[in-house]
> 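Starting off with a structure, shown below.
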Amino acid sequence: MARDRIKPRNLRGFRDFLPSSAQARQRIVDIFRKAFELYGFAPLETPALETEEVLLSDMGVDANKQIYRFSDLENTKVGLRFDFTVSLARTVAANLNRISLPFKRYQVGPVWRYDKPKRGRYREFTQIDLDIIGVAPFEPEVEMVAAVARGLREIGADNFVFRVNDRRYLGEVLESLGVEPEKAKDVFRVLDKLQKQGEKKVRDELTGKLLLQDFESALEYERMQEVAVSEQAADGLLTATKDASGLAKYLAGFLKRIEQEGVGGDNLVADPSLTRGLDYYTGFVCEVDIRGAEALGSVGGGGRYDDLLGRYSATPLTGVGMSVGLDRLMDALLATEVIAADAGQSTARVFVTVFDDSMRAESASIARMLRQAGVAAEMWLAEGNKTGRTLSRQFKYADKVGIPLAVVAGEDELAKDPPSVQLKDLRTGFGEEGKQSEVPLGELVARVKELLD
RNA sequence: GGGGAGGUAGCUCAGCUGGUUAGAGCGCUGGUCUGUGGAACCAGAGGUCGAGGGUUCGACCCCCUCCCUCCCUACCA
């Protein structure tokens with residue numbers, strides 16, 4: 001009798017990535033890595049597990065609830081990292097003697113949040129994180145946004161929108177509107193409905209429930225949302241509050257500066273309602289959306305955290321950073337058809353068939369030749385091949401795993417002078433002209449490279 | 001966190017008002033074809049009908065609890 005089988009299931013909110021999607025993910029990560037290194041960011045690696053005391057407290061109440069926590073076998077209280085920022089702060093504080101400021105680093109890897117899973121939200125997900133430690137505003141902010149924007153463009157996702165704001169600015173605005181800080185979120189949530197529900201309903205709700213004094217200013221302020229950044233928008237921000245403050249000037253200055261770096265127009269929006277959930281942000285905050293996939297939520301976000309390092313070090317240090325959520329980015333890119341759903345299962349570009357078990361050595365030598373030339377090649381591994389009889393199975397396999405080219409090394413061709421093989425293009429349909437041709441072994445590599453271009 | 005829908009083969013699903021050995025398509029494995037892929041035909045493997053308990057002579061079907069998935073909503077990556 002068979003034993004009880006174990007159900008091959010994953011934990012809730014955890015996923016496997018089969019080769020076809022894992023390849024697509026890794027391509028995206030590689031692009032970001034290159035973009036970041038182009039700006040001089042260096043990689044950092046930190047442990048997935050941190051002590052509870054490092055992890056907790058400055059994250060905000062909601063965040064603390066979402067941290068995976070447990071006691072290890074020695075009863076040490078530990079937790080899985082919730083994001084990379086806290087680990088970064090700890091690492092920097094512990095290695096100040098070995099780190100030169102400014103410290104520019106990126107980190108890619110999984111983080112864990114005990115949240116209710118849904119589309120675009122997982123309990124284990126991969127973040128691509130970018131931070132600059134030790135420099136005051138706002139050049140680091142500019143560079144960070146520019147580097148992430150570059151990565152997105154390299155992927156082909158020109159349909160991104162950065163929303164930016166400054167938390168302190170928000171406080172000033174609220175004060176000028178006569179809103180108590182604890183009501184801030186409610187006020188902006190209601191204001192968010194302006195488009196959907198109309199002005200009257202919003203006015204009633206705001207002046208009624210929330211006792212907002214100055215509705216007109218709030219409305220004017222809200223209308224700054226979704227305004228593409230321009231001179232005009234920057235001026236708008238300056239007048240959104242009754243008293244144009246130094247802070248407003250600072251934000252407007254930032255917007256002009258980031259435009260110089262090529263991030264503007266449809267890609268940049270000043271969003272005065274943006275605050276973000278994590279408590280450690282002290283100034284600049286931003287989020288990135290993929291236009292057309294806003295319902296999935298933002299694909300990235302971040303901000304400035306000038307007090308966080310002080311938790312771990314007597315040396316106060318400023319910092320700014322943001323991270324892109326790879327999983328949600330993939331979902332958004334698929335939804336907006338920036339990338340295709342399915343890549344191949346195999347990484348090989350050429351499939352080398354085995355015509356007959358007795359001719360495996362010949363096939364193996366062809367595969368070696370291709371690999372030597374830097375062409376990814378896969379050879380048929382199964383035994384039991386007789387004089388071409390299993391070719392159809394081999395082609396079927398190669399086609400299914402997405403290998404574009406196949407080589408058939410048959411006895412007749414190899415016996416020729418010069419020895420030759422059949423090179424077949426599996427991408428063109430069966431029966432079409434030019435689906436395959438005889439190529440001398442000496443020209444195989446060149447011909448393959450030509451076809452793959 | 002709040003509201004709604006659903007869980008039957010690897011996948012997509014069917015299964016009459018509860019009635020004997022639970023089905024289809026696709027996929028998978030093998031066969032027919034002794035030099036060529038998406039085909040056809042044949043055969044086969046694969047299900048404790050999400051889990052546990054209850055009602056009943058009898059449950060995939062009815063009831064309860066739990067688990068899981070999806071959609072809307074709030075928040076986040």
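We name chains A, B, ... by the order of the sequence lines, and we start the count at 1 in each one.
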> Report yes if the distance between the aromatic ring centroids of A/Tyr106 and A/Phe32 is under 6.0 Å, otherwise no.
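No, the ring of A/Tyr106 stays outside the 6.0 Å limit from the ring of A/Phe32, centre to centre.
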
> B/rG1 and B/rG23: how far apart are their P atoms, nearest whole angstrom?
41 Å

> Stacking check: are the rings of A/Phe125 and B/rA77 less than 5.5 Å apart at their centres and under 30 degrees in tilt?
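According to the criterion (under 5.5 Å, under 30°), yes, A/Phe125 stacks.
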
> For B/rG46 versus B/rC61, give the span between their C1' atoms, rounded off to a whole number of Å.
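Here B/rG46 and B/rC61 have their C1' atoms 24 Å from each other.
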
> Check nucleotides 1-6 of chain B for protein N or O atoms closer than 3.5 Å to its own N or O atoms and list the pairs.
from, atom 1, to, atom 2, distance (Å)
B/rG2, O6, A/Lys116, NZ, 2.9

> Measure from CG on A/Asp425 to C1' on B/rG38 and round the result to the nearest Å.
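So the CG-C1' distance, A/Asp425 to B/rG38, works out to 15 Å.
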
> Between the base of B/rU36 and the side chain of A/Gln436, is there any donor-acceptor pair under 3.5 Å?
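Such a pair exists between side chain and base.
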
> Just to be sure I understand: a Watson-Crick pair is purine N1 to pyrimidine N3 plus N6-O4 or O6-N4, both under 3.5 Å. Using that and G-U wobbles, which stems of three or more pairs involve RNA chain B?
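Stems found: B:1-7 with B:67-73, B:10-13 with B:23-26, B:28-32 with B:40-44, B:50-54 with B:62-66.
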
> What nucleotide among B/rA77, B/rG35, B/rG38 has an atom nearest to a side-chain atom of A/Ser298?
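Out of B/rA77, B/rG35, B/rG38, the nucleotide with an atom closest to A/Ser298's side chain is B/rA77.
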
> Taking atom P in both B/rG50 and B/rA9, what distance in whole Å separates the two?
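Each nucleotide's P atom is 8 Å from the other's.
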
> Roughly how far apart, to the nearest Å, are B/rU56 and B/rC62 at atom C1'?
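Their C1' atoms lie roughly 10 Å apart.
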
> Please classify the nucleic acid contact of A/Glu124 as base, sugar-phosphate, or nothing, using heavy-atom distances under 4.0 Å.
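It contacts nothing in the nucleic acid.
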
> If I pick the P atom on B/rG25 and the same atom on B/rU34, what distance separates them, to the nearest angstrom?
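It comes out at 28 Å once rounded to the nearest Å.
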
> To the nearest Å, how far apart are A/Asp289 CG and B/rC75 P?
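Distance check: A/Asp289 CG to B/rC75 P gives 13 Å.
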
> Would you mind telling me which residue lines up with the more 5' stretch of RNA chain B, A/Gly302 or A/Pro117, judged by nearest nucleotide?
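The answer here is A/Pro117.
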
> A/Lys396 has an atom NZ; how far is it from atom C1' of B/rU29, in whole Å?
11 Å

> In whole angstrom, give me the gap between the P atoms of B/rA22 and B/rA51.
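Looking at atom P only, B/rA22 and B/rA51 are 16 Å apart.
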
> Can you find a donor-acceptor pair, distance only, under 3.5 Å between A/Gln394 side chain and B/rG35 base?
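When only heavy-atom distances are counted, A/Gln394 does not reach the base of B/rG35 through any donor-acceptor pair under 3.5 Å.
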
> Separation of A/Trp380 atom CH2 from B/rU36 atom P, in whole Å?
16 Å

> Side chain of A/Arg12, heavy atoms from C-beta onward: which of B/rC68, B/rA77, B/rG37 has the nearest atom to it?
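Nearest nucleotide to the side chain: B/rC68.
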
> Which whole-number value in Å describes the distance from A/Asp129 CG to B/rC76 P?
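To the nearest whole Å, that distance equals 17 Å.
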
> Closer to the 5' end of RNA chain B via nearest nucleotide, is it A/Leu11 or A/Lys118?
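Residue closer to the 5' terminus by nearest nucleotide: A/Leu11.
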
> Going by ring pair (Phe, Tyr, Trp, His ring centres under 6.0 Å), name the residues that satisfy it together with A/Phe84, two or more places apart in sequence or in a different chain.
none

> Does the plane of the ring in A/Phe160 sit parallel, tilted or perpendicular to the ring in A/Phe162? Use 30° and 60° as the thresholds.
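Ring orientation of A/Phe160 relative to A/Phe162: perpendicular.
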
> When you measure only distances, ignoring hydrogens and angles, does the side chain of A/Arg328 come within 3.5 Å of the base of B/rC76 through a donor and an acceptor?
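Counting by modelled atom types and ignoring angles, a donor-acceptor contact under 3.5 Å is found here.
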
